[in-house]
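Notes for the one structure printed next.
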Amino acid sequence: MLGDLGTAGLAVGLACATLTTLLWLRVALFGAAVRTARHGTAATLAAAALACALLETALLRHDFSVRFVAENGGRDVPLYYTLTSLWSALDGSLLLWLLVLGGYAALLARRAYPPRLHAYAMVVLSVVTMFFFALSTFAANPFRAVSPVPADGPGPNPLLQQHPAMGVHPPLLYAGYLGLVVPFAFALAAPLAGRDGPGWVRMARPWALVAWAALTGGIGMGAWWSYAVLGWGGYWAWDPVENASLLPWLTATAFLHTTLVRGRVAWHGALACASFLLVLLGTFLTRSGAVASVHAFTDSPLGPMLLGFVLLAVVVSAVLTGRRAPEPAPTERPRALSRATLVLVHAVLLVTIAAVVLIGTILPLLTTPLTGSGSSVGPAYYQRTAVPLAVVVLLVMGVTPALRVRDRSAALWRLVVPAGAGLGTVALVGLLSRPGPAALTAFGAAGFVLTGLAGDLAPRLRRPGPHRRPARLAGLVAHAGLALVAAGVAGSSAYGRDTERTLRVGETLRVSDVAVRLVGVDRTGGDGNMAVRARLVLTASGHERTIRPALRYQAARDTAVTVPAIGAGPLRDTYVTLLAVAEDSGTATVRLAVNPLVGLIWVGGALTAVSGLLAAAATARSRTRPAARADRPRPAPVAVGPGAPT
C-alpha cells in the first residue's frame, strides 16, 4: 500500500513539475499572472514532501515490501538511524534532494523580482526539478515492490550508524548544493529576459551566501565525521566524493568575491553556472558508480541519465552566457596594486585550485577508455599542486583588506605589522620545531592573515552599530576562520605522529609522552552483531584514564567497522584505534596517534560557516531597508578601471 502511494506521489510530483515549468514559461513569454505558477510550485514541493513522508513511514513501520526498506531498513536499528536511513542510500537520498530543491523553488517563487527575470529563473529551476523527479520516478524509485517480502532487513551501512552527524551532514550538504541552483537560474534567466546587466547578481548574492554557508558547514561536518568514525585519524583523504563537494565550494567562493567588484558580469555568469554544473557533475560521480570511493553509492542505472543532463546543462549554459554583449574594455590599465585587482586574483586562484582538483578527480574517467584500466592520483598530487596555491590564496587574503585605503603608502604601512607577525611566526616555529617548508609557510601565512584581520576588526568593533557594516564584519570573520583551518591542517600534518603494534595484555604502546597499556579485551553480542572492545589505560600529560576503542561486526552486511577512542584537547588529540583482536583475546593490534591542533580545523570551519549565514542575513536585511540604506553614507565603489576608486 505504501509502495503504491509512494509511486503515485512521485508520478504526481513529475506531473506538477512539468506543469509548473509550462506555467512559469507562460508567465515569462506572455506576462500571465504568477499566482497559478506559484500554486504549481507549491504543489511540486508538497509532492516531494509526501514522497519523503511515505518512505519515512515505511521505514518506521518496517514495511519490507518496499524495496528501499528491504535493502536499508532493519528491526534492530535505533529510531534515530531509522529516520536518517532515508538518505543513507541512493534512491531515498534523491527524495531528500527533491524536498530541498522544491523548498528552494517555493521560496524563490514567493519573492518579488523583475517579472520576466523572475519567471525565467523559475523556468530553469522547474526544469531541474522536473529532471530529478523523472530520475526518481523512472530510474531510482525507492517504492518498488519486493517479492518475496523478507522478514527483516540489513539496516543502513554500519558506517552510517556510528555517529549522530548522519542526521546533519547530508541535509546540510544538500542545502548547499541545491542553493547554488538559484544563482545558476538567475545567470541563465538574465540573457533570456534581456537583463544582462549586474542587477541579477545583487538578487542572486544572498542565495549564494546561504548556499555557501550550508556547504561550508556540510563539508566541515563531514570532515569531523570522517575523523571521528572512520578510524584513519584523518579529516580529508582527497577522495573523489570529498573532492566533489569541494569543487562547487571553490567556485562559489570565487563567485561571491567577484560580486564585490563592479562590472565583470561575464565572470559572475560563468562562476554561477560553473558552481551548479559542478554540483551536477558531483552528483553524477557520486551516484553513477563512475569512481571508486568509500562514500560513493553503488553502481546504478542513473549514470547515463545524469551524464546526459550534465552535458545538456553545460551546452545551454555556454550558449546563454556566451551570447551576452561584450563589456566595454577599460580605457586605461587597472592598477596592479588595488583591492579590486587582488579580489579578482583571489578568484582566479580559487578557480585554478578547482581546475587542479577537478583534473585529479576525473582522471580515472578520462584514462579508462584510452588505456583500458583506470589510473588515479593520490594525495601527493594534491599536496604538490593544490596546497601551494591555497597558501598563496591565504597571502592574497591577508593583503587585500589593507588596500581599502586610497593612499598606497598608507596601505603598505598597514601591511608592516601583519608581515612582521607572519615572519616572526615563521622564525619562531622554525627555530622551535622545524616542521618543513610547507607547514612553515602555512603558519606564517595564517599569522599574517590573523594579525591583519585583528587590526581591521578592532576599530570596526569600536564604531557605533550602524557603521560596523555587518556583512563586512562577517567577511573578516570568515577569513579568520579559514586562517585557523590552515593552521590546524598545517599543525596536524607536520606534528602528527602515529604507530601501531600488536600488544599482549600488560604491554604498552607509546608515542612521545602519550602511552596506552592493554588491560584486557571484552566481547559482546551474538552472531548477528558482535562487538569487541579493548580496555586500555591511556597516560597523557601525567594523567591516566581508561579508554575502550572497539571493533563492530554486522553479519547482515558482512562488514566490520572500527570505533576509535578520541581524547580531544585544546592543543592536541589522542586517537586510539583497535585494528584486530586474536581469537583467544590474548592480543590486540592497536594504533595510537597524536594529532596536534586538530581542534583549530573544527573551530575555524564553524566560524566560516556561521559568518556566511551572518553575511546572508545582513545582505537580506539591507535589501529590506532601502530608505535607511539611502540615508547612510555610501562607501566608495570598488572597480577595476581608469581612475577607479579603491
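Below, each value reflects all heavy atoms present in this structure, side chains not excepted, and no hydrogens, waters or symmetry copies. Residue numbers count from 1 along this sequence.
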Quiz item: Take atom CH2 in Trp249; do more than 12 heavy atoms of anything else shown fall under 6.0 Å from it?
Solution: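 Yes - once you tally the heavy atoms of other residues, nucleotides and ligands closer than 6.0 Å, there are more than 12.
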With rounding to the nearest 0.5 angstrom, report the [atom1] to [atom2] distance, [X] to [Y].
X	Y	atom1	atom2	value
Ser492	Arg572	OG	CZ	14.5 Å
His479	Leu484	NE2	CG	13.0 Å
Asp456	Thr451	CG	OG1	12.5 Å
Ile353	Thr251	CD1	OG1	12.0 Å
Thr539	Asp513	OG1	CG	10.0 Å
Leu281	Phe284	CG	CZ	7.5 Å

Side chains of [X] and [Y], donor plus acceptor under 3.5 Å:
X	Y	result
Asp498	Tyr575	no
Asn595	Tyr495	no
Thr283	Tyr177	no
Thr608	Thr216	no

Self-check item: Plane angle bin for Trp238 and Tyr382 - parallel if under 30°, tilted between 30 and 60°, otherwise perpendicular
Solution: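 It falls in the parallel class, under 30°.
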Practice problem: Check the pair Ser275 / Leu180 against side-chain contact (heavy atoms from CB on, under 4.5 Å), numbers first and verdict last. | Solution: CA-CA 7 Å; Ser275 298; Leu180 294 175; 4.1 Å; yes
With a 3.5 Å distance limit and no angle check, can you tell me whether [X] reaches the backbone of [Y] through a side-chain donor-acceptor pair?
X	Y	value
Glu242	Trp236	no
Gln161	Pro156	yes
Thr259	Leu256	yes

Taking the side chain as every heavy atom from C-beta outward, state whether [X] and [Y] have any pair of such atoms under 4.5 Å apart.
X	Y	result
Gln162	Val563	yes
Pro564	Val576	no
Tyr227	Ile566	yes
Met221	Pro170	no
Val477	Arg472	no
Thr385	Leu389	no
Leu342	Met397	no
Ser317	Leu188	yes

Closest non-hydrogen atom pair, [X] against [Y]:
X	Y	answer
Val399	Leu415	CA-CD2, 3.9 Å
Thr258	Val343	N-CG1, 4.5 Å
Ala445	Leu395	CB-CD2, 3.8 Å
Val351	Ala254	CG2-CB, 4.1 Å
Pro388	Arg384	CG-O, 3.5 Å
Val426	Gly444	CG2-CA, 3.5 Å

Exercise. Begin with the C-alpha distance, continue with both residues' side-chain angles, and end with the deciding distance and a verdict on side-chain contact (heavy atoms from CB on, under 4.5 Å) for Phe443 and Leu597.
Key: CA-CA 12 Å; Phe443 279 128; Leu597 303 182; 4.1 Å; yes
Quiz item: Just one of Tyr174, Trp224, Trp225, Trp87 clears the ring pair (Phe, Tyr, Trp, His ring centres under 6.0 Å) bar with His169, so which one?
Solution: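 Considering Tyr174, Trp224, Trp225, Trp87, a ring pair (Phe, Tyr, Trp, His ring centres under 6.0 Å) with His169 is found only for Trp225.
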Practice problem: Apply side-chain contact (heavy atoms from CB on, under 4.5 Å) to Leu350 and Phe255, showing your working. | Solution: CA-CA 10 Å; Leu350 291 170; Phe255 171 75; over 6 Å; no
Self-check item: Residue pair Tyr381, Leu363: steps toward the side-chain contact (heavy atoms from CB on, under 4.5 Å) verdict
Solution: CA-CA 12 Å; Tyr381 162 79; Leu363 188 63; over 6 Å; no
Self-check item: Derivation and outcome, side chain to side chain donor-acceptor pair (under 3.5 Å), residues Thr577 and Thr562
Solution: CA-CA 7 Å; Thr577 312; Thr562 59; 5.8 Å; no
